[in-house]
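Treat the numbers as computed from the prediction; the structure is a model and nothing was measured. Below, read A as the first sequence line, B as the second, and so on, with proteins coming before strands; counting in each chain starts at 1.
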Amino acid sequence: MRQSALLLPTLKEDPADADVISHRLMLRAGLIRQLASGLYTWLPLGLRVLRKVERIIREEMDRSGGQEVSMPVVQPAELWMETGRWQKMGDEMLRMQDRHDRDFCLGPTHEEVITDLFRREVHSYKQLPVNFYQIQTKFRDERRPRFGVMRAREFTMKDAYSFHLDQASFDVTYDEMYRCYERILTRMELKFRAVQADTGNIGGDISHEFHVLANSGEDTIAYSDTGTYAANLEKAAAQRPDRASPGTQTMSRVDTPNSKTIEAVASLLGLPVEQNLKTLIVEADPEDTDNPSGLVAIILRGDHELNEIKAAKLPGVRSPLAFAQEEAITRAMGASVGSLGPVNCAIPMFVDPSAAAVADFVCGANEDGVHLQGVNWQRDVVLDEQQIVDVRNVVEGDMAPGGQGKIQFLRGIEVGHIFQLGDSYSASMQATVLDHDGNSVTPTMGCYGMGVTRLVAAVIEQNHDDNGITWPTPLAPFQLHIIALNGHKSDAVKEASEALYAQAVAAGVETLLDDRAERPGVKFAEADLVGIPHRVVIGDRGLKNGAVEYRLRSDAEATEIPLQDVLSKIG
RNA sequence: CGGGGCGUAGCGCAGUCUGGUAGCGCACUUGGCUGGGGGCCAAGUGGUCGCAGGUUCAAAUCCUGCCGUCCCGACCA
């Protein structure tokens, strides 16, 4: 490709609307342009990268036994009504009507469509297992699109769906997909981690997210320093500590009229924050008729934070989680926030294991302006085992489950998520096959997503320097960048660069020839920005000795090499 | 959806408080100089000042409403 004929609009200045580095560089290097919030046009250079990502994914999916299909972006409402998701998806789904006033949506995902295909076309256990995938445009009307293509509304996703006769078959495919994802990300030369993930509202036990490590990542991942445990913060649990020892102090009241926060009480009493327990009140599941208060108490150690996803899963707690209103709390507890505690607690209560491990603790007295100290479980508050449940976010330094070392944090960009769907879609859509004995059985399903456009941004997050992008070779839009210095003035430069270009193209090397009549400084700056791995500079200075300058984008220094040696450097 | 910011030329911004001529840098066009890290000089092109309404002799500027967009918090590839 000749740069003089390529739409490659680079920006010298940072665009005002871009904050994260990958977004800035994608705009500056002329990979994308924004059309509207969360909607992006891919320019020629960006699209070349996107296609490379797709190709790697496609090759590895095929290698793993996936069968590629392509399903429509526009989907009829009827399918979504079958699974109840026409309602459940809410505003995230963009809906529309056709000329006959029939309801459609832009597909945010394709479980319904693939299950419909399956039930129409697959009828025998002999055809199982199967794993269909596509690389497709998805539309999700995000609350808050951000970070460029990292969280866009329209984006490209590789989504795969597998169907199985039994759990054992699913497990095999799940494991295969896990390894497939590892291969994909490894080929892209990314630093990544697979972590245990929350399974969301779909259920099932196993679920893994694949995170590309980057400080700008939206997710926190917790991993053990021994490397054997890794989980999304939403899911991560600490090793369960032993229950508290009986304690030595007697329980006593202490006036704390102006101390409403844990920190204030701790400093007033001269005790560490960990010795204080905090009591959070959340709304109860409205369908739980055994709980007239409509509230549930959750007890945490003072220095810990509630994990709202874990809390919303507790029996009798409203999901999604909602904190209780002040007024309701005062009515049920006889005291307001700041003086609450587990002693004589009038509503159902859950206690985090780390809170249950504290002896001689401090807590609110359920009486405004009063706390209790020297409190002990069992003696002062009876707890049964079902009430002790993990509901907090792990913190760095926690012991990992099973004693697998200490937990540390990293930031990650979620680029893949694999999980078990069970039979929720196949059952609600009556997708069945006949088994060996002629019985109709409902297959169990797996789902494997990977954010294709997001991967491009993630790659840049990991591969850039002060001057621009430093593409890993497998994803670079071109392999070789020939920079002809003053080619419009020097016939020698023009001839040499054209000859090398023709030779490289003939050898099948993806080559970009900077044949523009720009000054050298402009060419160098833009070449760094665009980040093509191999760079050859052809100028009169070197040509006198039959030499050109060769440099890897990732190297600091260039070397002089004979013109005829260039192609041997690449590949 | 709640909180905050911003909307003036393709991009980055000033001008708005205190109403009266729409401006700067980059980019773009033409000419010249220059020619190894976004160069210099000169002359140009390009703007319904987000939209609608209002106040006023007069609105980019004041008022009202709407729209767009970005950032921070609850969801997800």
Side-chain angles (χ1 to χ4, degrees), chain A residues 9-20 23-24 27-28 30 33-39 53 57 89-92 108-110 135-160 181 197-198 200-202 209-212 217-219 232 234 306 308-309 312 320-323 412-419 447-458 466-468 483-490 493 516-529 535 537-543 548-549 551 558:
Chain A
T10 60
L11 302 175
K12 204 188 285 191
E13 292 171 286
D14 276 332
D17 290 343
D19 218 35
V20 296
H23 188 197
R24 282 210 299 266
L27 290 166
R28 288 194 54 206
R33 284 295 182 263
Q34 185 184 57
L35 178 65
S37 181
L39 303 177
V53 172
I57 292 174
M89 291 296 288
D91 290 338
E92 195 172 311
T109 177
H110 282 74
I135 294 174
Q136 246 291 11
T137 299
K138 299 277 186 278
F139 193 95
R140 295 183 188 174
D141 203 353
E142 291 278 349
R143 298 169 177 78
R144 178 146 105 82
R146 55 184 147 169
F147 306 151
V149 299
M150 200 101 88
R151 176 168 302 282
R153 290 193 293 175
E154 185 177 305
F155 59 100
T156 305
M157 173 167 150
K158 187 282 298 173
D159 47 325
Y181 276 34
D198 182 69
N201 45 19
I202 290 161
E209 288 170 354
F210 289 79
H211 287 263
V212 169
E218 294 185 87
D219 294 276
N232 190 313
E234 292 173 356
L306 184 70
E308 299 192 16
I309 292 180
L321 193 77
F323 286 96
I413 300 164
E414 184 190 349
V415 296
H417 195 172
I418 61 177
F419 51 95
C447 175
Y448 319 92
M450 188 165 250
V452 180
T453 38
R454 178 180 285 182
L455 266 166
V456 176
D466 290 346
N467 296 324
I483 297 176
L485 291 188
N486 300 314
H488 58 299
K489 289 279 177 71
S490 161
V493 167
R516 300 172 303 162
E518 291 288 349
R519 293 171 54 83
V522 172
K523 295 192 174 199
F524 292 139
E526 292 189 357
D528 283 345
L529 189 57
R535 177 186 309 175
V537 177
I538 300 184
D540 275 324
R541 195 198 275 175
L543 279 184
V548 295
E549 243 170 66
R551 198 191 113 181

Original post:
When you compare C6(B) with C49(B), how far apart are their C1' atoms, in angstrom units rounded to a whole number?
Top reply: 14 Å
**OP:** Kindly say if Lys12(A) contacts the phosphate of G10(B), meaning a side-chain N or O under 4.0 Å from OP1 or OP2.
**Re:** no
Original post:
P atom, U16(B) versus C62(B): distance in rounded Å?
Top reply: 9 Å
Original post:
Taking atom P in both G50(B) and G10(B), what distance in whole Å separates the two?
Top reply: 13 Å
**OP:** To the nearest Å, give me how far apart CG (Leu27(A)) and C1' (G10(B)) are.
**Re:** 14 Å
**OP:** Answer with base, sugar-phosphate or nothing: what part of the nucleic acid does Gly539(A) contact at a heavy-atom distance below 4.0 Å?
**Re:** base
Subject >> Sugar-phosphate only, base, or nothing, as touched by His488(A) at under 4.0 Å among non-hydrogen atoms >> reply: base
**OP:** Could you grab the distance from atom OG1 of Thr137(A) to atom CE of Met157(A), nearest 0.5 Å is fine?
**Re:** 12.0 Å
Subject >> Glu234(A) CD to C76(B) P, straight-line distance once rounded to whole Å >> reply: 7 Å
Original post:
Phe155(A) on top of A77(B)'s base, within under 5.5 Å and under 30°?
Top reply: yes
Original post:
Do the side-chain N or O atoms of Gln34(A) get closer than 4.0 angstrom to the phosphate oxygens (OP1, OP2) of C70(B)?
Top reply: yes
Original post:
When you check the glycosidic angle of U21(B), does it come out syn, meaning within 90° of 0, or anti?
Top reply: syn
Original post:
Touch check for Ala160(A), heavy atoms < 4.0 angstrom, all strands: base, sugar-phosphate only, or nothing?
Top reply: nothing
**OP:** Scan every strand shown for a Watson-Crick or G-U wobble partner of G31(B), both distances under 3.5 Å, and answer none if you come up empty.
**Re:** C41(B)
Original post:
For Arg153(A) and U69(B), what is the distance between atoms CZ and C1' respectively, to the nearest whole Å?
Top reply: 11 Å
Subject >> P gap between G53(B) and A59(B), integer Å >> reply: 13 Å
**OP:** Identify whether any heavy atom of Thr10(A) sits under 4.0 Å from a base atom; if not, whether one sits that close to sugar-phosphate; answer base, sugar-phosphate or nothing.
**Re:** base
Original post:
At under 4.0 Å between heavy atoms, what does Pro145(A) touch on the DNA or RNA strands: base, sugar-phosphate, or nothing?
Top reply: sugar-phosphate
Subject >> Leu485(A) vs Glu218(A), nearer the 5' end of RNA chain B by closest nucleotide >> reply: Leu485(A)
Original post:
C71(B) C1' sits how many Å from Asp19(A) CG, rounded?
Top reply: 7 Å
**OP:** Considering only atom C1', compute the distance from U48(B) to C76(B) and round it to an integer number of Å.
**Re:** 41 Å
Original post:
Looking for any heavy atom pair under 4.0 Å, which part of the strands does Tyr448(A) touch: base, sugar-phosphate only, or nothing?
Top reply: nothing
**OP:** Kindly say if Thr156(A) contacts the phosphate of A77(B), meaning a side-chain N or O under 4.0 Å from OP1 or OP2.
**Re:** no
**OP:** May I ask you to evaluate whether Arg144(A) reaches the phosphate of C72(B), defined as a side-chain N or O under 4.0 Å from OP1 or OP2?
**Re:** yes
Original post:
Base, sugar-phosphate, or nothing for Leu529(A), non-hydrogen atoms under 4.0 angstrom?
Top reply: base
Original post:
Charged N to carboxylate O under 4.0 angstrom, Arg153(A) versus Glu92(A)?
Top reply: no
**OP:** May I ask which nucleotide in the shown strands pairs with G36(B), Watson-Crick or G-U wobble, both distances under 3.5 Å?
**Re:** none
Original post:
Base, sugar-phosphate alone, or nothing: which one does Asp14(A) contact when heavy atoms must sit under 4.0 Å apart?
Top reply: sugar-phosphate
Original post:
Given the C1' atoms of C41(B) and U55(B), what is the spacing between them in whole Å?
Top reply: 48 Å
Original post:
What does A9(B) pair with, Watson-Crick or G-U, if both distances are under 3.5 Å?
Top reply: none
Original post:
Could you state the CZ-P distance from Arg33(A) to A27(B), rounded to the nearest angstrom?
Top reply: 16 Å
Subject >> Along RNA chain B (nearest heavy atom to each residue), the more 5'-positioned of Arg535(A) and Glu13(A) >> reply: Glu13(A)
Subject >> C26(B) versus G65(B) - spacing of their P atoms, nearest Å >> reply: 41 Å
Original post:
Touch check for Ala36(A), heavy atoms < 4.0 angstrom, all strands: base, sugar-phosphate only, or nothing?
Top reply: sugar-phosphate
**OP:** Look at all strands and tell whether Asp17(A) reaches a base, only sugar-phosphate, or nothing, counting heavy atoms closer than 4.0 Å.
**Re:** sugar-phosphate
Subject >> Sugar-phosphate, base or nothing in reach of Arg24(A), heavy atoms under 4.0 Å >> reply: nothing
Original post:
When all nucleic acid strands are considered with a 4.0 Å heavy-atom cut-off, which category describes Asp219(A): base, sugar-phosphate, or nothing?
Top reply: base
Original post:
Using atom P of each nucleotide, how far apart are U61(B) and C75(B) to the nearest Å?
Top reply: 41 Å
**OP:** Select base, sugar-phosphate, or nothing to describe what Arg28(A) touches, counting heavy atoms under 4.0 Å on all strands.
**Re:** base
